[in-house]
Structures are given as structure tokens and as C-alpha cells.
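A short worksheet on the structure shown next.
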Protein chains: 2
Amino acid sequence: MRSLKLRNIDLNLLVVLDVLLAEQHVSRAAERLNMSQPAVSRALGRLRETLNDPILIRTASGFTLSSRAVLLRGELDIALRDIERVIEPPSFDPSTDDSLIRLTGLDMEIGLYFPVLIKRLRKIAPSMRFEVVRQEHDSFPMLERDDVHFSLSGLAPMSAEHSLHRKTLQEMKVVCLMAENHALAHGSMTAEEYANTPHGLVSITGRGPGSMEQVLAQHGLQRKVALRLSGFTSVADFLEDSDLIFTLPERLAERIAQGRKLCIRPLPAPLKANSVRFYLYWHERYHNDPRMIWIREQLSATLA
Amino acid sequence: MRSLKLRNIDLNLLVVLDVLLAEQHVSRAAERLNMSQPAVSRALGRLRETLNDPILIRTASGFTLSSRAVLLRGELDIALRDIERVIEPPSFDPSTDDSLIRLTGLDMEIGLYFPVLIKRLRKIAPSMRFEVVRQEHDSFPMLERDDVHFSLSGLAPMSAEHSLHRKTLQEMKVVCLMAENHALAHGSMTAEEYANTPHGLVSITGRGPGSMEQVLAQHGLQRKVALRLSGFTSVADFLEDSDLIFTLPERLAERIAQGRKLCIRPLPAPLKANSVRFYLYWHERYHNDPRMIWIREQLSATLA
DNA sequence: TTAGATCATGCATTTGATGAATACATTTAA
DNA sequence: TTAAATGTATTCATCAAATGCATGATCTAA
């Protein structure tokens, strides 16, 4: 535990001392410091008092340094340089930075955004390292605990988590994904037809109703969820040759449908209102971190 | 030339920051700093403003550090340690100190005081190095110019040299030194007899009358200086088998007479008043230097 | 819901740094 | 030796800013 010697002295005097030692001349020092000559003279007086040493000694031609002052000059130079490093906003150079950046998110969402981002980052910051961390049920506590720097999520934090920041990556409509040979695969679909078909649901938190339940309720409808999955990976396998419908964000649905016997259909017009957003979340503690700011900017660039 | 970034920020805040980073708790930091809690809270506010970073971030259980704060902790620790070194009175350890100490003085006076001093110093400070420098006509400018740390002299500086300090080493009477077979070598000597004998004079500055001239003048007398020397070394050689008298400080006379056919006689009573002092001089710039303070103390000890 | 803990803020106070003018000291030039 | 010049310290009034007290706001835990 550091002693409190420093509490009892005015560290601001050190800046004046530095210039005084360099100039050995009160008036010139004052000019360089943008202070009045009396102010510097007094500061010198206080320094003499504090350090218990005359520091500058009058001679026929100006001032000379005391032996203490000669020592001080070197030590002070080091100390002030260190302080400047403290004060200075932290610098960041992508070309040399070797930080380890930890990210999390759901498998499918990650696949949608992170590969292209990280490809871009590695091109500009070849020494930077990345780690995609398996997401827990809820990624917000992971941010809180500093397990990860970023979390990609379509959810909103439950309570008002004041320490989290986020940025909307994309907003997209929700579509229906079903087998090519599904009864509703062709022609238009009514809200009632939609509600009466058995549904599949990817529940990230593992519990509670999906957002569609609310929308249906507004139309006096409700649906039957016949299958509940905790991830997107096997959605296609369940859908092919099945009577199920999954209601998913458009780009996710496109991904899942790729190369499978599935087809994407718009939601029935009355239910179309709501859309889905994906967010990038980070913790307050990295809000000003130039590395993280840079990454956020790069992500925006990949989306543009 | 250092930029003046540091002029615009309050360095005293850094001490508070240091404790805040360690405690991550405003009230505890306040206690450790002997400040009120509001004062620390405001200081934290100013720090946030200055560094443009939240530093401490509220969480459910107290504060966490921002990423900037994590960096700061290390940098600040170094900076404050360096500042402490600046503030701290310079330490001095005789057993390890290897300073080079430069001294000057007249040959004979040096022989009187320095050998015993340096013997003592080398015993306690074996790594310290010493250099006895040939004295110029006047040793005071050498002190002014920082050619030497100490000067041994019986003179007083001409003008009021405010930058010089001195310490009386010894006070001694002045005696007459003459050949054993000198006419005045036995019996008492009157002031007139003294004045009428041819004199030798060691003139350190090389010019001007000696101090005896003044004393004689007060008695309406004056003497004839037949021989003028610029040092003491050869005084004995000039005195043996000669009619000259040298008027010298007692201990110097004893030294010179040692093993030679010379004898020491007191001054005639009326002229006896004045005595001679030897001083150790040093420059203001070393007045607070712990090494020089120590040396001065050691010199006193050798004289005691 | 209450009690307890902790940080932020409004307000009044006080400390202490500042600037303008000036006194003081010393050196240089005449 | 005096006068001018240079540079530093000091006096005094002013003003900015930090502080402390009391209080408000927020959150945790029982």
C-alpha cells in the first residue's frame, strides 16, 4: 500500500519545476508555461519549501542549479514522461496489436456475421487473435463477468442493464420455412392456415413463448408448437418431408434452406408487422477502448 | 522541449485515482486519503472528465474497472513511484557512495587538515574518491564555477559572495618563525625590533599588503618585506641561516619548523591582538547535499 | 417493504492560487 | 559614482475551485 506522502504536496508544481530547471530563469519559464512571472516566482518559492532546497541559486549571471536540482532534472524528466503516458489517450495500432478478442453468440447468428468480420479484421490486424466462445443460456452475464468482449444476439436484456451498450447490426423480416412439399408451400397463406399448422420453435433461452405468440393473440389466434429446439443447426433436418413450419429471421432461413429441400414463404399479411433485429452487445468497460471501437467500426463497414 | 499537456490537468488527481483503482470504492478510498467521501466523489468526476473514460463502472456489487482503468493501474503505479523518488530527500549511504569529491586549498594548509580528514572518510566510505585540485590565485571562483566542492582557506571572500558558505576550522595565533641563530631568537622582542627586521611574506593572492601591515600602522610602524613567496613549501629553506622573519599562523609555523634549524617566537605583545582563522568554504549549491553535509560533519569530528 | 449502504449533488464556505503594480536587488553602461 | 536595465520577490485585492455538510438518489439484502 502506497504511502500518502504525495497527498501532502502539490504535484502540479512539478511541471513548473521541470521548466524552471530547463530555463533556469523565472521570467522565461513563466512565458513558456503561460503563467505570469509572479506566479512562477511563487511556485518556485513553494518548491523550495516543499523540497527543502534552494534549487535555483542566484549568481552574477542568472541562476545555477543546486546539486539536488541537478539530480532532480533527470528524475523529474522520467517522472513527467511517465505521467504523460498515463494521461495520454491509449493508442491502438491494428497492424501490431495482438490482443485476444473474445466473442460469443448463437451458432447460426455467429455464422451469419462473424466469419466475414474476422476475415476483414485479420487482414488489417494480422496479429490480433480471436476466440469464439460457446454461449451460455444468456450471454449478458458473460459480458458482465468480462468473459467476452462482444456478444451477438437478437435478444434485449431483461432488466435495465445500465452497463451494456449495443449496436443494431441488421433489421430483417421474419419468414416461414417449410418443406418444399409442404401443404402451404404454394399459393398465399392465411393467418388461420398459419396458426393451424404444427410449428417448430427455436428457443434461445429455453423457456417461455416466442414472439409470434403475442402477434397471434392480437388476432385472437394461437398456434401449437410441436417441436422445440435449442439451436438452429438441425432445423433443416427436422423440416424436410415434415408438416412443420419454422418462423425465422429471413437471412437465417435462407442459410438453413441452402441446398435442402425447403422453401421460404412470407408470413401471412396480417402477421407481417413485426421484424427482428440483431444486435452487437458490449460492456461499458470496453465502450471507450480504442481496440473495441475499431472492431465496431469494422463491423459496420462489413455491413455497408 | 516537453509539451505542456500537463499544465492543463490537475496532477493531484492522480493520487486519488491511484487509491480509487486499488479500492474500487469511493468511501474506502476517501478514508485512506483522509478526504471526505464527497471530495473523492467529485475527484472521480473530474478524473472521468479529464481522462474521458468512466474508469469505475457501477455493477450490482460495487465498481468494476474499465479496460482503460486496468491499463492505468499499472502505468500509474510506475508514475507515482517515480514521483516519489523525485520528492524524496536524496539518500546517502557512505558505505556504498562512490562520488568524486574535489577539494582545493594551499599546499601547506591542505597538509594540515586534509590528510587526517580523508583518512577518516575513506574508512567509512571506501568507495568515495577524492581529488585535491591545485588552487588558483583565488579559490572562490573555483567554488563558483563548480570546479571543486570544498576549499580550505584562511581568506575571506572579497565582496559579499552570497552563494558561499563556510565553517571555521580552527582559530590560532600568529607567531614569528626565524632561524635558530637569528638575532631575535632569544629574549623578548619589542614591536620596534620586529618592525625593523627584514621580513618574508607568503602572499596567497600574489599582491597587496599582508594583514600585519595594518597592525603595524596602528602603532605608527611599518616593516620592510624583503622576500615575497607564493607558497609555504620553501619557507624553511629561505629562513635557515638568514636574518628574515616570517610571520605565520602557529600550526603552520610548527610544521615548517619541524626538523629544521628554526625557532618559533611569539609576536611582540603590542602586536599580538590579531589571530588567524582557517575556513572550509563550499558553494550554496552543495549546502543541502547530504554527501557534503556528511563530509562537513566528519571534518568537525576530526577537529574535536 | 424497510433498513442499510453507497455514491452523487446543492449550497455555503474557505482555501489558496493569480495578476497588476511595485518594491527590491544586482549588473551593466556611461 | 550614478543611471538605466534586467530580473526576482512581495503586497494587496480578486477570483476560481476544492471542500465539507447535509441531503437526495439508487441499489441490495433481509
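Chain letters run A, B, ... following the sequence lines, proteins first, then strands; residues in each count from 1.
Counting to the nearest Å, the C1' atom of C:dA23 and the CD atom of A:Gln37 are 12 Å from each other. Protein atom CG of B:Leu33 is 16 Å distant from nucleotide atom P of D:dA18, rounded to whole Å. For B:Arg42 and D:dA16, the CZ to P distance is 18 Å, given to the nearest whole Å. Distance, B:Met35 CE to C:dT15 P: 16 Å, rounded to whole Å. B:Leu11 has its CG atom 13 Å from the P atom of D:dA18, to the nearest Å. If you measure from atom CD1 of B:Ile55 to atom P of C:dA8, you get 11 Å, rounded to the nearest angstrom. Atom CD1 in B:Ile57 sits about 20 Å away from atom P in C:dT6, given to the nearest Å. Atom CD in B:Glu31 sits roughly 12 Å away from atom P in C:dC7 (whole-Å rounding).
Proximity of A:Arg48 to the phosphate of D:dT8: no side-chain N or O atom is located under 4.0 Å from OP1 or OP2.
Which of C:dT18, D:dT10, C:dT6 sits closest to the side chain of A:Ala39 comes down to C:dT18. Distance from the side chain of B:Val26 is smallest for C:dC7 among the nucleotides D:dT10, C:dG19, C:dC7. Relative to the side chain of A:His25, the nucleotides D:dG20, D:dG7, D:dA18 differ in distance, and D:dG7 lies closest. When the nucleotides D:dC21, C:dC7, D:dT19 are ranked by their closest atom to the side chain of B:Phe63, C:dC7 comes out on top. Among D:dT8, D:dG20, D:dT19, the nucleotide with an atom closest to any side-chain atom of B:Ser36 is D:dG20.
Residue A:Leu21 forms a side-chain contact (heavy atoms from CB on, under 4.5 Å) with just one option from A:Leu17, A:Val19, A:Asp18, and that option is A:Leu17.
Using a 4.0 Å heavy-atom cutoff across all strands shown, A:Arg58 reaches sugar-phosphate atoms only and no base atom. B:Ser27 comes within contact range of the sugar-phosphate backbone alone, with a heavy-atom separation under 4.0 Å but no base atom that close. Across all strands shown, A:Arg46 has heavy atoms under 4.0 Å from sugar-phosphate atoms exclusively, and none from any base.
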- Evaluate the criterion salt bridge (Lys or Arg N to Asp or Glu O under 4.0 Å) for residue pair B:Arg73 and B:Asp77; output intermediate values, then yes/no. CA-CA 6 Å; B:Arg73 191 143 67 156; B:Asp77 193 62; over 6 Å; no
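Contacts classified as side chain to side chain donor-acceptor pair (under 3.5 Å) and involving residues 39-54 of chain B (residues at least two apart or in different chains) are given here: B:Asp53-B:Ser66.
Atoms CD and CD, from A:Gln135 and A:Glu109 in turn, are 7.5 Å apart once rounded to the nearest 0.5 Å.
A salt bridge links B:Glu171 with B:Arg277: the closest approach of a Lys/Arg side-chain nitrogen to an acidic carboxylate oxygen falls below 4.0 angstrom.
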